[in-house]
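No experiment lies behind these values; they were computed from the predicted model shown.
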Amino acid sequence: MQCLKPGPELTTTNVVTINVGGENFQTTKQTLTQAGPNSLLSQLAETTSDRFVDRDPVYFSLLLSLLRTGALPSKVKDFDLRDLIEESRYYGLESLLTNSLTNPSQLDAFALQKSSILPLNGRDSPSAVATTPFGSLHVSHGSKITSFDWSLTRKSTILTQFPAVDSLLAISPDTAAAGATDFSGLQILDLQNGSVKQTLNWENATRSGSTVQAIGSSGEFLFTSFESSRRNSNSIMVYDLNTLNPVTEIGHNEIFGADIDSAIPATKLRWVSRYGLVMASGSHSGLSGVSGNIRFWDIRSGNVVFELKEKIDCFSDICVSDNLNAVFKVGVNSGEVFYTDFRSLSSVNDNSNPWICLGDKRKVINGKKEGFGCKIENHGNQVFCSKGGDIELWSEVVMGSAKTSNGSEDQSTKRDFKKNMMGRVKDMGGSRITNLAFGGNKMFVTRKDQQVIEIWQGSARGI
C-alpha cells in the first residue's frame, strides 16, 4: 500500500508549536507571518529554538484567530479592550487589530445605536469634531482640544491660544489644523506636545489680520477659507498638505459697497474626489431672509465649474456624496432634505431650481426657520441629517435606471430615496445635535450644552 505524503501546508517543518503561558498552540508559519516582518510572531516562525512566550494564553488565542481569519471571534466582546490592545502591541499586531475593529467599511448605518459616551473636561460644550479614517477623534471645547486614540480608551487635552476653536481638521492622529472666527491665523498643532508647529496667515490688500471660517483637505491639499478681520475681503487658500507651502489662491474677493454675494465667505469646504473639485459654501442672513452660494472650484485653473445661488430655501447645511454622485442640503426655512444630481449641475442657470425635495414638502408656518441648526453629512451610500435631537437616515432605493433613445442613462430620471429614523427608542430625542462626524466604524454626535461625545456603533460589532 502506498502512503500519501502530506502537502506542503501540512509538513512538520511548516507547523509551529508555541507555548504561551504554559498552554501549547499549533499553527503554521504562513499564519504567523501575517503579523508582519517586524513582529514577534514572525520571528518565532523562523526560529528553531524553544518557542515560549510568558503572556496570557486566552488573549493570545483571540489574536491567533485574528491572524487566521482576518477577524476577531464573537467572544471578544467579553474581554477588556484595553488589555487586548496591550497584548496586540506586545506581539506587534496593533495595526491588524485596528483594521479589524475600526474598518470604515464595517459601519452599518441601519444598525447604529448609541453605545457609550465620552466625557470632556471643563464646562464648555463641543464646538467642532474632527476624525481620522480609522477612528481617532479630536474635539474642540472652548479653548481646549481633547484627543482620543482609535480605541477611545486613551485621551489627552491641550490648551490652545484661541478663545474658542471654531474649525478643526485632523491631519493625522497626532496633528490637527485649527482656526477661529475671532482670532487670526490657521494653526497646525502638535496634539501630543500641545505646541504650535506652524501658523498660516493670509493678507488682503489692506494687510489686516485674517480669521478662519472653514478648513478642508484632500489627500494632497489643505484648503482654508479666510476672512479679513475688517470683513471687507475673503479668500480660499490652497496649501500642500505635506509641506504646508501655499499652492494657489482661489475665490479672492475684495468687497466694495453692498456686493452681498462677494461678502459671503465659505463656511464649509469639502473635496469632491470624483471630479477633483473643491466645494465651498456660505450663507448670509439679512432683512430679505437667508441667501447663499455653493461653488465648485477647479484649483488647477482657479475657476468656478458649477455654481448654485441659494435664495428661496437656502441651505442650513450641505454635503456632497461621491458615492451617490449628488449634492444634499437641508433647507433653513422648510427643514426638508433636498438633493441635486451632480451630473445635472452643468445645465443649472440663475433662473432654474435644481433641487428635488425628499420630504413631504410641508409649508413654512409663520416664517419659522424649521431647518435652523440642522446638520447634514454623508458616509458611504447614506446621508444623515439631524432634526433637533433626532437623526434621519436617507438611503437610495435602486429601481433601475431609465435609458434614452441612444442607450445612455437618462439623467433627468428622478431617483428614489427612503427615510429611516435611527437608533432605539431610548436613543431618540434630547438636546439639539450640534455636530455629526464619522471615523472608523463609528458615528460621533455632540449636543447643545452637553460636555460629552456620543458614540454610535453597530450592535452586532465586536467590542
Can you tell me if S386 uses its side chain to pair, donor with acceptor, with the backbone of G388 under 3.5 Å?
no

Would you say the ring centers of F417 and F328 fall short of 6.0 Å from each other?
yes

Check: G458 main-chain N/O paired with D108 side-chain donor or acceptor under 3.5 Å
no

Students often mix this up, so state it plainly: with edges at 30° and 60°, are the rings of W355 and F338 parallel, tilted or perpendicular?
perpendicular

So which heavy atom on A214 is nearest to which on A266, and how close?
CB-O, 3.7 Å

Say whether, by atom type as modelled, one donor and one acceptor occur between the side chain of K155 and the main chain of P119 under 3.5 angstrom.
yes

Does any non-hydrogen side-chain atom of L137 lie less than 4.5 Å from one of L118?
yes

Beyond-backbone contact of Y91 with L63, side-chain heavy atoms, under 4.5 angstrom
yes

Smallest separation among heavy atoms of A170 and T131, with atom names:
CB-O, 3.5 Å

Is it the case that the side chain of S39 and the backbone of G36 share a donor-acceptor pair, with hydrogens and angles ignored and the cut-off at 3.5 Å?
yes

Taking 4.0 angstrom as the limit, do D317 and K329 come out as a salt bridge?
no

Taking side chain as C-beta onward, heavy atoms only, is T224 less than 4.5 Å from L222?
yes

Can you check whether L191 reaches T175 side chain to side chain, under 4.5 Å on heavy atoms?
no

Between F296 and F342, ring centroids under 6.0 Å
yes

Using the six-membered ring wherever Trp is involved, compare the ring planes of W202 and F226 and label them parallel, tilted or perpendicular (cut-offs 30° and 60°).
parallel

Consider only side-chain N and O atoms of H379 and Q382, and report whether a donor and an acceptor are under 3.5 Å apart.
no

Could you check whether any side-chain heavy atom of N420 comes within less than 4.5 Å of a side-chain heavy atom of M422, counting everything from C-beta outward?
no

Could you check whether S88 and E94, counting side-chain N and O atoms only, form a donor-acceptor pair closer than 3.5 Å?
no

Pairs in or reaching into residues 124-181: which pass ring-ring contact (aromatic ring centres under 6.0 Å, His included), with residues at least two apart or in two chains?
F162-F183

Does D166 reach the main-chain N or O of T181 with its side chain, forming a donor-acceptor pair under 3.5 Å?
yes

Correct closest heavy-atom pair for P354 and L308 would be CG-CD2, 3.6 Å

Please name the residue in the list S233, S210, S184 that meets the side chain to side chain donor-acceptor pair (under 3.5 Å) test with S228.
S233

Answer with yes or no whether the side chains of T434 and T446 bring together a donor and an acceptor at under 3.5 Å.
yes

Consider only side-chain N and O atoms of S195 and N193, and report whether a donor and an acceptor are under 3.5 Å apart.
no

Between the side chains of K268 and E377, is the shortest nitrogen-to-carboxylate-oxygen separation below 4.0 Å, so that they form an ion pair?
yes

Residues T98 and S95: side-chain donor-acceptor under 3.5 angstrom
no

So that I can tick it off, tell me whether E370 and K387 are bridged by a salt bridge, with the cut-off set at under 4.0 angstrom between side-chain N and carboxylate O.
no

E220 side chain to W271 side chain, donor-acceptor N/O pair below 3.5 angstrom:
no

Listed once per pair and sorted, the salt bridge (charged side-chain N to carboxylate O under 4.0 Å, His left out) pairs that draw on residues 121-145, sequence neighbours left out:
D124-K144

Minimal heavy-atom distance between A280 and I236, with the atoms involved, is CB-CD1, 3.7 Å

Side-chain H-bond candidate by donor/acceptor type, N234 with N253, under 3.5 Å:
yes

Consider only side-chain N and O atoms of S140 and S127, and report whether a donor and an acceptor are under 3.5 Å apart.
yes

Working note: S235 + E249, criterion side-chain hydrogen bond (donor to acceptor under 3.5 Å, both in side chains); need CA distance, chi angles, decisive distance, verdict.
CA-CA 7 Å; S235 177; E249 179 182 20; 2.7 Å; yes

Using a distance-only test with no angle check, is there a side-chain donor-acceptor pair under 3.5 angstrom linking Q161 and Q187?
yes

So, does R447 use its side chain to make a donor-acceptor pair with the main chain of G389 at under 3.5 Å?
yes

Could you check whether any side-chain N or O of D240 sits under 3.5 Å from a backbone N or O of N242, counting only pairs where one atom can act as donor and the other as acceptor?
yes

Would a distance-only check, ignoring hydrogens and angles, find a side-chain to backbone donor-acceptor pair under 3.5 Å from Y339 to R415?
yes

To the closest 0.5 Å, what do you measure between CG (L186) and OG1 (T199)?
8.0 Å

Starting from the C-alpha separation in whole Å, work towards a yes-or-no answer on ring pair (Phe, Tyr, Trp, His ring centres under 6.0 Å) for F221 and Y239.
CA-CA 6 Å; F221 301 110; Y239 301 94; over 10 Å; no

S334 OG to D313 CG distance, which is reported to the nearest 0.5 Å:
3.5 Å

Contact between T340 and L345 at the side-chain level, heavy atoms closer than 4.5 Å - yes or no?
yes

CG on L97 to CD1 on I85, rounded to 0.5 Å
6.5 Å

Just how far is it from atom CG of L277 to atom CD1 of I299, taken to the nearest 0.5 Å?
9.0 Å

Which residue is it: W456, F444, F438, F110? I am looking for the one with a ring-ring contact (aromatic ring centres under 6.0 Å, His included) to F384.
F438

Once you round to the nearest 0.5 Å, how far does CD1 of I294 lie from CZ of R270?
13.0 Å

Intermediate values then yes/no, side-chain hydrogen bond (donor to acceptor under 3.5 Å, both in side chains), S105 and N103:
CA-CA 5 Å; S105 65; N103 195 315; 2.9 Å; yes

Quick one: does D322's side chain have a donor or acceptor within less than 3.5 Å of a partner on V272's backbone?
no

Note, L96 side chain near L67 side chain (heavy atom, < 4.5 Å):
yes

Side chain to side chain contact (heavy atoms under 4.5 Å, CB included) between I391 and L112, worked out
CA-CA 11 Å; I391 302 173; L112 285 175; over 6 Å; no

Between R154 and D149, does at least one N-O distance fall below 4.0 Å, as a salt bridge requires?
yes

R274 CZ: over 12 foreign heavy atoms closer than 6.0 Å:
yes

For V139 versus P126, what's the shortest heavy-atom pair and its separation?
CG1-CB, 3.7 Å

Using side chain to side chain contact (heavy atoms under 4.5 Å, CB included) as the criterion, point out the one residue from T157, L159, L189 that pairs with I145.
L189

Test item: V383 and E396 side chains (from C-beta on) under 4.5 Å apart, heavy atoms:
no

Here the pair of heavy atoms bringing V337 nearest to C385 is CG2-SG, 3.8 Å

Step by step, work out the side chain to side chain contact (heavy atoms under 4.5 Å, CB included) result for I455 and K114.
CA-CA 6 Å; I455 310 302; K114 184 164 56 177; over 6 Å; no

So, T102 versus N441: side-chain donor-acceptor pair below 3.5 Å or not?
no

